[in-house]
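Nothing here was measured: the structure is a model prediction, and the numbers come from that model. Lettering of chains follows the sequences in order, A, B, ..., and the numbering in each one begins at 1.
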Protein chains: 2
Amino acid sequence: MSQTVDRALSILPLLAEGPADLGQVADRLGVHKSTALRLLRTLHEHGLVYRQSDQRYRLGARLFALAQEAVENLDVREIAHPHLVRLNEQCGHTVHLAVYEENEVLYIDKVESRYPVRMYSRIGKPVAITVAAVAKLLLADLPEAERRVLAEKLDYPMYTARSIPNAPAFLKELATVREQGWATDLGGHEESINCVAAPIRGADGRVAAAMSVSAPNVVVTADELLTLLPLVRRTADAISRDYSGKPPKDPS
Amino acid sequence: MSQTVDRALSILPLLAEGPADLGQVADRLGVHKSTALRLLRTLHEHGLVYRQSDQRYRLGARLFALAQEAVENLDVREIAHPHLVRLNEQCGHTVHLAVYEENEVLYIDKVESRYPVRMYSRIGKPVAITVAAVAKLLLADLPEAERRVLAEKLDYPMYTARSIPNAPAFLKELATVREQGWATDLGGHEESINCVAAPIRGADGRVAAAMSVSAPNVVVTADELLTLLPLVRRTADAISRDYSGKPPKDPS
DNA sequence: CTGGTGTATTGCGCTATGTGCAACGGTCAT
DNA sequence: ATGACCGTTGCACATAGCGCAATACACCAG
């Protein structure tokens, strides 16, 4: 609601697409160059924007540092991390932790598998929301109304033949997940990768985060992976207990 | 230079420390609550700030997504990545890529070692600038004057007994590094971890990025790690060639 | 249910602050 | 040299952001 700040912040996603010079920024903002200059300068002073040698602007280092710090300060993450590591030691597969926020699901922690198969996911990266097992758990817990609205708004890209194709199918899947209290993604995102996921609940019983174990077909079949379900659920429950026990303290 | 934007942006590092409520934000900004509210609202609309269930504010998801996107669009990173992966396959150790920007050095890519020893470093995380091998390379290439000024401004935390203790020692080390064209960190950051690093140069001959191989003592001794130096330098040179060949294109 | 304290939120009048303009300066290529 | 292009500066005007004070809301105690 503050025009100046609004304009300044609009520059960030614009630069995320790639470097741009003053003129381009001013045009896309629909403001005079001198205005754009002042905004960019302010962003620059705060380190959010960097001016490279060819004078063009791109996003700056402090942005990464901020994101980094923020993610490390998330209380769920802090509490969950040791559990995730232990789980990884037990099963050897990649372990993810994700949260829902403002129509997006994103990874906030990851423990890499021990075998040399790399999955492309990264902390801070938005999750494929219509297929990922963790996303199903997080969305399944939203209030009915919100869930419906969101489901309608989403895109349903067909990553594979087994991707969830549309809103009704998605809502149906969410209902199932909600009922059973766990979720899977069997090749819905990448043909050869399967996941099992379980919810982490806060003191109020609502789902605060979700965790999953992922492994490619070449290492374990989907059925084998499913045998890990009890272990995954036990881990998630343990985290839930820790998390509910220590409600967000800040003794500042 | 724009007061409003300046204030709004000052909120971000403040929230990076942890969640805060309206009053706290207003106090620390030194503005009226109504002002703080308007700023926070604007930040919220852009997804940079999230309002959690207890009404307190913390940094939001879009921040991570932006940082993510920005890092992925860095041209050096894109060009270097396959080389880093190949190097990792050849030697098995952790490989890092870092750049210098505005008095900070930060990791922009990482390929994990294959053995189960985890180093704590993360993409986007500021590097221990006075000891890391990659930092030495990046700073050694700065213009004399800038280097001196920076060296004076820095802190020199003694992570270990072998950490570089003060500005003169650091400048001396930088001179050596500059001369020889590569750098090491032998237990200067963590007692048991050694690194060898080499510079990546742009078309203008200046150091654009630096890469390193890191391994703990328990896996290879420092001497053994040093035998990898030629390989590391060859990889860095190959990246330099690719990178100079394709100057920052954007066919937009 | 009532009174009280701690919040967040709203509306408003004042002036500081951000705005666009137009003129300047520097760089590159022809 | 000359012109085109982009970034930068100073300025006068009016908008847009500011703090104040009053209101609304939630939580707790009596």
C:dT10, OP1 or OP2 - any side-chain N/O from B:Arg41 closer than 4.0 Å?
yes
Spacing between [X] atom [atom1] and [N] atom [atom2], to the nearest angstrom:
{"X": "A:Asp54", "N": "D:dG7", "atom1": "CG", "atom2": "C1'", "result": "14 Å"}
{"X": "B:Leu37", "N": "D:dA24", "atom1": "CG", "atom2": "P", "result": "17 Å"}
{"X": "A:Leu29", "N": "C:dT19", "atom1": "CG", "atom2": "P", "result": "10 Å"}
{"X": "A:Leu40", "N": "C:dG18", "atom1": "CG", "atom2": "C1'", "result": "15 Å"}
{"X": "A:Leu22", "N": "C:dG26", "atom1": "CG", "atom2": "P", "result": "18 Å"}
{"X": "B:Gln55", "N": "D:dC25", "atom1": "CD", "atom2": "C1'", "result": "9 Å"}
{"X": "A:Asp27", "N": "D:dC5", "atom1": "CG", "atom2": "P", "result": "14 Å"}
{"X": "B:Arg56", "N": "C:dT7", "atom1": "CZ", "atom2": "P", "result": "13 Å"}

Got a sec, which residues hit salt bridge (charged side-chain N to carboxylate O under 4.0 Å, His left out) with [X], two or more places apart in sequence or on another chain?
{"X": "B:Glu45", "answer": "none"}
{"X": "A:Asp6", "answer": "none"}
{"X": "B:Arg28", "answer": "B:Glu17"}
{"X": "A:Arg58", "answer": "B:Glu101"}

I'd like a list of close polar pairs between nucleotides 13-19 of chain D and the protein, N/O only, cut-off under 3.5 Å.
| from | atom 1 | to | atom 2 | distance (Å) |
| --- | --- | --- | --- | --- |
| D:dA16 | OP1 | A:Gln3 | NE2 | 3.3 |
| D:dG17 | OP1 | A:Gln3 | N | 3.0 |
| D:dG17 | OP1 | A:Thr4 | N | 2.7 |
| D:dG17 | OP1 | A:Thr4 | OG1 | 2.6 |
| D:dG17 | OP2 | A:Gln3 | N | 3.1 |
| D:dC18 | OP1 | B:Arg7 | NH1 | 3.0 |
| D:dC18 | OP2 | B:Arg38 | NH1 | 3.2 |
| D:dG19 | OP2 | B:His32 | N | 3.4 |
| D:dG19 | OP2 | B:Thr35 | OG1 | 2.0 |
| D:dG19 | N7 | B:Ser34 | OG | 3.1 |

Angle by which the axis turns from one end of the helix from C:dC1-D:dG30 to C:dA23-D:dT8 to the other, five pairs per end, to 10 degrees:
50°
Do the non-hydrogen side-chain atoms of A:Glu72 and A:Glu69 ever get within less than 4.5 Å of each other?
no
Any donor-acceptor pair under 3.5 Å linking the side-chain atoms of B:Asp109 with those of B:His81?
yes
Is the gap between the ring centers of A:Phe170 and A:Tyr156 under 6.0 Å?
yes
Assess whether atom CD of A:Gln180 is packed by more than 12 heavy atoms of other residues, nucleotides or ligands within 6.0 Å.
yes
Can you tell me if A:Asn73 uses its side chain to pair, donor with acceptor, with the backbone of B:Ala16 under 3.5 Å?
yes
